[in-house]
Asks: 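First, the structure itself, so that you have it in front of you.
Throughout, a chain's letter reflects where its sequence line sits, starting with A, and its residues are numbered from 1.
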Protein chains: 2
Amino acid sequence: MSENTEMCKETEKTMGILAGKWKPVILFHLLYGGTKRFNELKRLIPTVTQKMLTNQLRELEQQDIIKRIVYAQVPPKVEYLMTDYGRSLQPLIEIMYEWGASHIKHMENKEKDLTVDEKSVTNSD
Amino acid sequence: MSENTEMCKETEKTMGILAGKWKPVILFHLLYGGTKRFNELKRLIPTVTQKMLTNQLRELEQQDIIKRIVYAQVPPKVEYLMTDYGRSLQPLIEIMYEWGASHIKHMENKEKDLTVDEKSVTNSD
DNA sequence: CAGGATCCCACCTGATACTG
DNA sequence: CAGTATCAGGTGGGATCCTG
């Protein structure tokens with residue numbers, strides 16, 4: 001964890017995996033929801049477009065985070081699931097989730113502070 | 001940590017903080033190197049431009065992650081440091097760092113695997 | 001020293017249409 | 001079903017020049 005050695009390429013690498021608007025959401029669903037088909041993910045993430053979903057899934061696949069299984073059958077069927085390696089991201093996703101949750105509260109409290117700063121301070125609700 | 005509740009806005013919030021090419025690096029330096037002046041950061045991150053450094057610092061400041069202290073003096077002096085709240089990101093940055101480090105090794109090993117896949121498999125080194 | 005202002009481009013993102 | 005192809009828009013990021 002040295003500060004000066006060629007800056008922290010490690011955190012950048014991690015960001016390289018997580019960067020991309022939909023990747024954390026995809027990982028979240030695959031981690032906690034298990035194997036999913038393409039359209040299942042699409043339903044779970046209604047605001048994503050096919051293009052972007054495909055895009056992000058491909059990148060995660062190339063990075064060995066998720067696995068893509070194609071079934072050679074007439075109604076195409078493709079499944080996505082976490083690789084063992086991808087599962088190592090779970091603690092990170094979990095921390096991100098928890099930090100995000102507390103961050104949301106933090107911001108809400110800041111709002112309140114601004115709202116009540118003119119009211120009586122004795123009211124400690 | 002439910003899967004279906006309005007998708008995981010929490011992880012997205014966290015990404016909202018960390019997104020930006022230079023933010024993790026900046027946070028890394030401020031977390032482990034302490035208070036830094038503008039040009040100190042610029043020296044520590046040689047490939048960043050003034051514009052982007054300013055940009056990312058401003059965003060982190062607005063998000064209450066870092067604090068910007070301006071000294072009203074003739075040779076301008078501005079210091080940046082983590083807020084108490086920003087410091088709560090430390091475990092996250094640390095996990096990102098560690099995961100990134102192991103990821104780099106993981107990828108190096110994949111390269112090696114591809115290199116030796118034609119050699120004798122009996123060599124279990 | 002610590003930026004602000006401008007120009008520029010690549011790529012990220014999205015909507016729509018089409019296909020094996 | 002699970003994409004691909006194409007077009008269009010917005011934004012992140014970078015280079016350069018200028019300033020209090």
Asks: Given atom CD of Q73(A) and atom P of dA2(D), what is their separation to the nearest angstrom?
Replies: 9 Å
Asks: Measure across S88(B) and P91(B) and return the closest heavy-atom pair with its distance rounded to 0.1 Å.
Replies: O-CD, 3.3 Å
Asks: Indicate yes or no: at least one non-hydrogen side-chain atom of T35(A) is less than 4.5 angstrom from one of L30(A).
Replies: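 They are not in side-chain contact.
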Asks: Do V78(A) and L57(A) sit in the same hydrophobic cluster, where Ile, Leu, Val, Met, Phe, Trp and Tyr count as joined when their side-chain heavy atoms come under 4.5 Å apart?
Replies: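 Linked, V78(A) and L57(A) end up in one cluster.
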Asks: State, to 0.1 Å, how close M96(A) and T11(B) come at their nearest heavy-atom pair, and which atoms those are.
Replies: CE-O, 3.7 Å
Asks: More 5' along DNA chain C: P75(B) or G20(A), using each one's nearest nucleotide?
Replies: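 The residue mapped nearer the 5' terminus is P75(B).
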Asks: Provide the closest heavy-atom pair for V48(A) versus K42(A) in the form atom of the first, atom of the second, distance.
Replies: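 Result for this residue pair: O-NZ, 3.2 Å.
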Asks: Does a donor on one side chain and an acceptor on the other come within less than 3.5 Å for Y80(B) and E61(B)?
Replies: no
Asks: So E59(B), base contact, sugar-phosphate only, or nothing? Heavy-atom distance under 4.0 Å.
Replies: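 It contacts nothing in the nucleic acid.
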Asks: Using atom CD of Q50(A) as one end and atom C1' of dT6(D) as the other, report the distance to the nearest whole Å.
Replies: 14 Å
Asks: Write down the distance between CZ (R43(A)) and C1' (dA2(D)), rounded to a whole number of angstrom.
Replies: 12 Å
Asks: For the helix from dC1(C)-dG20(D) to dG20(C)-dC1(D), what is the angle between the axes at its two ends, each from 5 pairs, rounded to 10°?
Replies: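 About 50°, once rounded to a multiple of 10°.
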Asks: Identify the two heavy atoms, one from E94(B) and one from Y32(B), that lie closest to each other, and give their separation to 0.1 Å.
Replies: OE1-OH, 3.0 Å
Asks: Would you say dG13(D) has OP1 or OP2 under 4.0 Å from some side-chain N or O of Q56(B)?
Replies: yes
Asks: Whole angstrom is fine here: how far is it from CG in N39(A) over to P in dC1(D)?
Replies: 5 Å
Asks: Closest approach of E79(B) and Y71(B), non-hydrogen atoms and distance?
Replies: OE1-OH, 2.9 Å
Asks: Indicate yes or no: at least one non-hydrogen side-chain atom of I26(B) is less than 4.5 angstrom from one of L44(B).
Replies: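 Of all side-chain heavy-atom pairs linking L44(B) with I26(B), none is under 4.5 Å.
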Asks: Indicate yes or no: at least one non-hydrogen side-chain atom of K23(A) is less than 4.5 angstrom from one of Q63(A).
Replies: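 The answer is yes, as the side chains (C-beta and beyond) meet within the 4.5 Å cut-off.
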Asks: Taking heavy atoms of chain B and a 4.0 Å limit, find me the 5'-most and 3'-most nucleotide of DNA chain C within that range.
Replies: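 The protein-touched segment is dC1(C) to dC7(C).
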Asks: Figure out the NZ/P separation between K51(A) and dT4(D), and round it to whole Å.
Replies: 12 Å
Asks: What is the distance, to the nearest angstrom, from the CD atom on E40(A) to the C1' atom on dA2(D)?
Replies: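 Spelled out: CD on E40(A) to C1' on dA2(D) is 13 Å.
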Asks: Which comes earlier along DNA chain D counting from the 5' end, the contact point of K21(B) or that of V74(B), where each point is its nearest nucleotide?
Replies: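 It is K21(B), whose closest nucleotide lies nearer the 5' terminus.
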Asks: How close or far is atom C1' of dG3(D) from atom CE of M52(A), stated in whole angstroms?
Replies: 15 Å
Asks: Within the structure shown, what part of the strands sits under 4.0 Å from K42(A) by heavy-atom distance: base, sugar-phosphate, or nothing?
Replies: nothing
Asks: Which of the following nucleotides, dG20(D), dA2(D), dT16(D), is nearest to the side chain of P76(B)?
Replies: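 Out of dG20(D), dA2(D), dT16(D), the nucleotide with an atom closest to P76(B)'s side chain is dG20(D).
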Asks: Within this structure, what is the CG-to-P distance between L53(B) and dG13(D), rounded to whole angstrom?
Replies: 13 Å
Asks: Report which part of the nucleic acid Y80(A) touches: base, sugar-phosphate, or nothing (heavy-atom distance under 4.0 Å, all strands).
Replies: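 Sugar-phosphate contact only - Y80(A) comes under 4.0 Å of backbone atoms but never of a base.
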